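What follows is a short report on a single structure.
In this text the structure is predicted, and so the values were computed from the model without any measurement.
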Amino acid sequence: MFCNQCEQTSKGGCINVGVCGKNPDTAALQDLLLYALKGLSFYALEARKAGINPKQADRFICEAVFSTLTNVNFNPEKLQEYIEKTVLFRNQISEQLQGMDKVPAFNDPAANYLAGESLQDLIEEGNRQGLLVDRRAPADIQSLQEILLYGVKGVCAYAYHAALLGQEDEKIYTFVQEAFTRVGSHENDLDFWLNMVLKCGEINLLTMELLDTGNTSAFGHPVPTQVTLGHKAGKAILVSGHDLLDLKHVLEATAGQDINIYTHGEMLPAHGYPELKKYPHFYGHYGRAWQNQQKEFENFPGPILMTTNCLMMPKDSYKDKVFTTGPVSYPGLTHLKTDNLVELVDKALAMSGFQSDEEQGNVMVGFARNSVLGVADKVIAGVKAGVIKHFFLVGGCDGARAGRNYFTELVEKTPADTVILTLGCGKFRFFDKELGAIDGIPRLLDVGQCNDSYSAIQIAAALANAFECGVNDLPLSMILSWYEQKAVAVLLTLLYLGIKNIRLGPTLPAFITPAVLDVLVKHFAIKPVSSADEDLKAILG
Ligand code: SF4
Ligand code: SF3
């Protein structure tokens, strides 16, 4: 196996087993799935040219790609199912085209790939194929192909979320499929790949906008909301991951049943949405930073629903109380369709629940674009009067590396006349710090999930507009933590928008070669994080 797609990769790439726990068989199946999806992409694009709308295949591709993101799916049977379905979709489109006398002929062997019979056959084929990128190309071309592939994975994840909320755009699907047909090709022009990478950022911006529309039209615009971090006596269900719709289904399925619903990880911002916070049994948030997940899950006295997540594979010791949805799957865990949550509810009723109440403080959420722009006048006046000197966007992912303490330290050390916008799960390093307020505006503003990056971009754009300058001219510094491929897509969006001076950590991606990094530094002045003190000094002078 070879996998280098996430921040925690062992030096240069995981080869014997993933740091995430992915084993070589799972890695081979994921590689083969991407190869098969490349084949399907040729057909889906051809179908479009022939006037067929390959809607089912479009959505399927995003879901299947999502299953190859870090930590999402380690289940060989489920991956086999995705591979077989990929070939099925391809054959269906092929028949449709033949029926129109448009017999497709593709030179690329991926388009003609036939799925082996057994799981073992598939694993062997996956090992033969390896990762989709062209391993004979110069290192910098390989690097750009990897950036594109991982960015597209992020786009697929966000497009999957958006589609569930009824928001789709053919431009997204077409780009994803074009990218798939290109990755691994012997195109050796650096500029071609650089353009594809920036185009991926552009398409991701559209995807995030659709996701924002999907979330706000289904659940309303988030409003500032206090969320309790403790628990109360009674039966309980924990919902983790990013899928607000799954959470809504859980809230509906448990209404009037005396079960309290708790969020975990990226689900925290759900408390700010009017259409979710209206449920009286939507109680609070459980759990802190990412590295505590195993312990937190183990100790939770009720079942856990893992919706599309970036979390670690659950341990055997508590597997029997964990359920998954969508592309999330691990061997031995029960997978649910969220229109039928009887098993989850029964499990909650059968488990002990919390025996007593416990206060653990609270945090504020709900500072997405609508809330922040609602107080824009005050913010702008604050900047003009000199009481707000600087904004920091400290956003992105959490992870296990010790270097991630940088983000906690940086936030703690920011001066009292600065405001911190945050989003993503990286905030669990500092989300409960008491940072005070400036003229009634909290210094720490939680914009939401990584899925809400569009909101942060809109806030930055509105500030630039108010000050009649570009985003790069604002007293705003972006300090981003990354972990997996959705973060790659968001980073590409920021580059596409021309945002400069982003500080990225805790380490730079292993898939960026020195020459590609030089290009990024030259055009975007991107830099690795150093120490909190040094960076603050460099930013604030
Ligand atoms: Fe390694 Fe990350 Fe790939 Fe897992 S997802 S195998 S940790 S690079
Ligand atoms: Fe990053 Fe997954 Fe959490 Fe969702 S992209 S912030 S890790």
Side-chain angles (χ1 to χ4, degrees), residues 3-9 20 30 33-34 37 41 58-59 61-73 131-133 143-164 167-169 171-173 175-180 182-183 196-212 214 241-243 266 308-311 326-328 395-399 423-426 448-457 480-497 499 502 504 509-512:
C3 184
N4 64 352
Q5 66 178 356
C6 82
E7 192 273 335
Q8 67 186 346
T9 192
C20 60
Q30 292 187 353
L33 176 56
L34 294 178
L37 289 166
S41 295
D58 288 343
R59 289 178 192 158
I61 289 172
C62 290
E63 180 183 335
V65 171
F66 204 160
S67 76
T68 71
L69 266 71
T70 299
N71 283 348
V72 174
N73 191 321
L131 190 66
L132 218 50
V133 298
S143 169
L144 286 164
Q145 290 193 5
E146 284 167 354
I147 299 174
L148 177 63
L149 178 62
Y150 303 149
V152 164
K153 284 191 181 200
V155 171
C156 284
Y158 291 130
Y160 167 84
H161 285 293
L164 286 182
Q167 299 294 325
E168 295 174 89
D169 190 317
K171 282 204 278 299
I172 298 168
Y173 296 134
F175 176 75
V176 164
Q177 291 153 11
E178 267 168 13
F180 261 101
R182 293 302 195 128
V183 172
M196 282 297 274
V197 158
L198 290 181
K199 178 86 186 163
C200 181
E202 179 184 358
I203 291 294
N204 189 55
L205 178 63
L206 169 64
T207 314
M208 311 255 16
E209 184 181 356
L210 286 185
L211 181 52
D212 181 278
H242 299 72
D243 288 77
E266 279 283 67
T308 45
N309 72 108
C310 327
L311 298 173
V328 185
C397 314
D398 201 0
L423 54 76
C425 62
Q449 301 178 336
C450 61
N451 290 28
D452 300 308
S453 298
Y454 179 75
S455 214
I457 289 168
L480 306 181
S481 52
W482 83 285
Y483 172 57
E484 46 97 332
Q485 301 80 59
K486 283 187 277 171
V488 176
V490 174
L491 182 66
L492 296 183
T493 295
L494 295 174
L495 300 185
Y496 159 72
L497 290 169
I499 309 287
I502 293 171
L504 186 65
F511 48 82
I512 296 187

Tightest non-hydrogen contact, residues Tyr160 and Gly326, listed as OH-CA, 3.4 Å
The reported gap from CZ in Phe511 to CG in Leu131 (rounded to nearest 0.5 angstrom) is 11.0 Å
From the list Glu178, Arg59, Glu168, side-chain hydrogen bond (donor to acceptor under 3.5 Å, both in side chains) with Tyr173 holds only for Glu168
To the nearest 0.5 Å, atom OG1 of Thr207 lies from atom CZ of Phe175 at 9.5 Å
Contacts satisfying side chain to side chain donor-acceptor pair (under 3.5 Å) that involve residues 485-497 (not counting sequence neighbours) are Thr70-Gln485, Asn204-Thr493, His242-Lys486
Could you walk me through whether Gln167 and Asp212 pass the side chain to side chain donor-acceptor pair (under 3.5 Å) check?
CA-CA 9 Å; Gln167 299 294 325; Asp212 181 278; over 6 Å; no
*Quick one: do Glu202 and Leu205 satisfy side chain to side chain contact (heavy atoms under 4.5 Å, CB included)? Show the steps, please.*
CA-CA 5 Å; Glu202 179 184 358; Leu205 178 63; 5.7 Å; no
Taking the side chain as everything from C-beta on, heavy atoms only, tell me whether Ser41 gets closer than 4.5 Å to Val176. no
Sequence neighbours excluded, the answer for salt bridge (Lys or Arg N to Asp or Glu O under 4.0 Å) partners of Asp398 is Arg429
message = Tell me whether Gln145 contacts the main-chain N or O of Val133 through its side chain, where contact means a donor paired with an acceptor under 3.5 Å.
response = no
Step by step, work out the side chain to side chain donor-acceptor pair (under 3.5 Å) result for Glu146 and Asn4.
CA-CA 9 Å; Glu146 284 167 354; Asn4 64 352; 3.2 Å; yes
Is there a side-chain contact between Leu494 and Leu480 in this structure, where contact means two heavy atoms from C-beta onward sitting under 4.5 Å apart?
yes
Here the gap from Leu210 atom CG to His161 atom NE2, rounded to the nearest 0.5 Å, amounts to 13.5 Å
Heavy-atom closest pair (Gly426 atom, Ser481 atom, distance to 0.1 Å) is CA-OG, 4.4 Å
dist Leu495:CG -> Ile147:CD1 (nearest 0.5 Å) comes out at 9.0 Å
Between Gly151 and Cys200, the two heavy atoms sitting closest are C-SG, 3.5 Å
Taken to the nearest 0.5 Å, the spacing of Cys6 SG from Trp482 CH2 works out to 6.5 Å
Under the side chain to side chain contact (heavy atoms under 4.5 Å, CB included) criterion, do Leu211 and Tyr454 qualify, and how do the steps go? CA-CA 9 Å; Leu211 181 52; Tyr454 179 75; over 6 Å; no
For this session: State, yes or no, whether a side-chain contact exists between Met208 and Val490 at a heavy-atom distance under 4.5 Å.
Result: yes
One should read off an interatomic distance between Cys20 SG and Leu311 CG, to the nearest 0.5 angstrom, of 12.5 Å
task: State, yes or no, whether a side-chain contact exists between Thr9 and Cys3 at a heavy-atom distance under 4.5 Å.
output: no
Taking every heavy atom of Leu132 against every heavy atom of Leu34, the minimum-distance pair comes out as CD2-O, 3.9 Å
_Are the side chains of Leu148 and Lys199 in contact, using a 4.5 Å heavy-atom criterion?_
no
For Pro327 and Asn73, the nearest pair of non-hydrogen atoms, with its separation, is O-ND2, 3.0 Å
From CA spacing to verdict: side chain to side chain contact (heavy atoms under 4.5 Å, CB included), Gln177, Ile61 = CA-CA 9 Å; Gln177 291 153 11; Ile61 289 172; 3.6 Å; yes
Minimal heavy-atom distance between Ser453 and Cys450, with the atoms involved, is OG-O, 2.7 Å
Looking only at atom types and distance, does a side-chain atom of Gln5 sit under 3.5 Å from a main-chain N or O of Tyr150, one as donor and one as acceptor?
-> no
Residues pairing under salt bridge (charged side-chain N to carboxylate O under 4.0 Å, His left out) where one sits in residues 148-158, two or more places apart or in two chains, turn out to be none
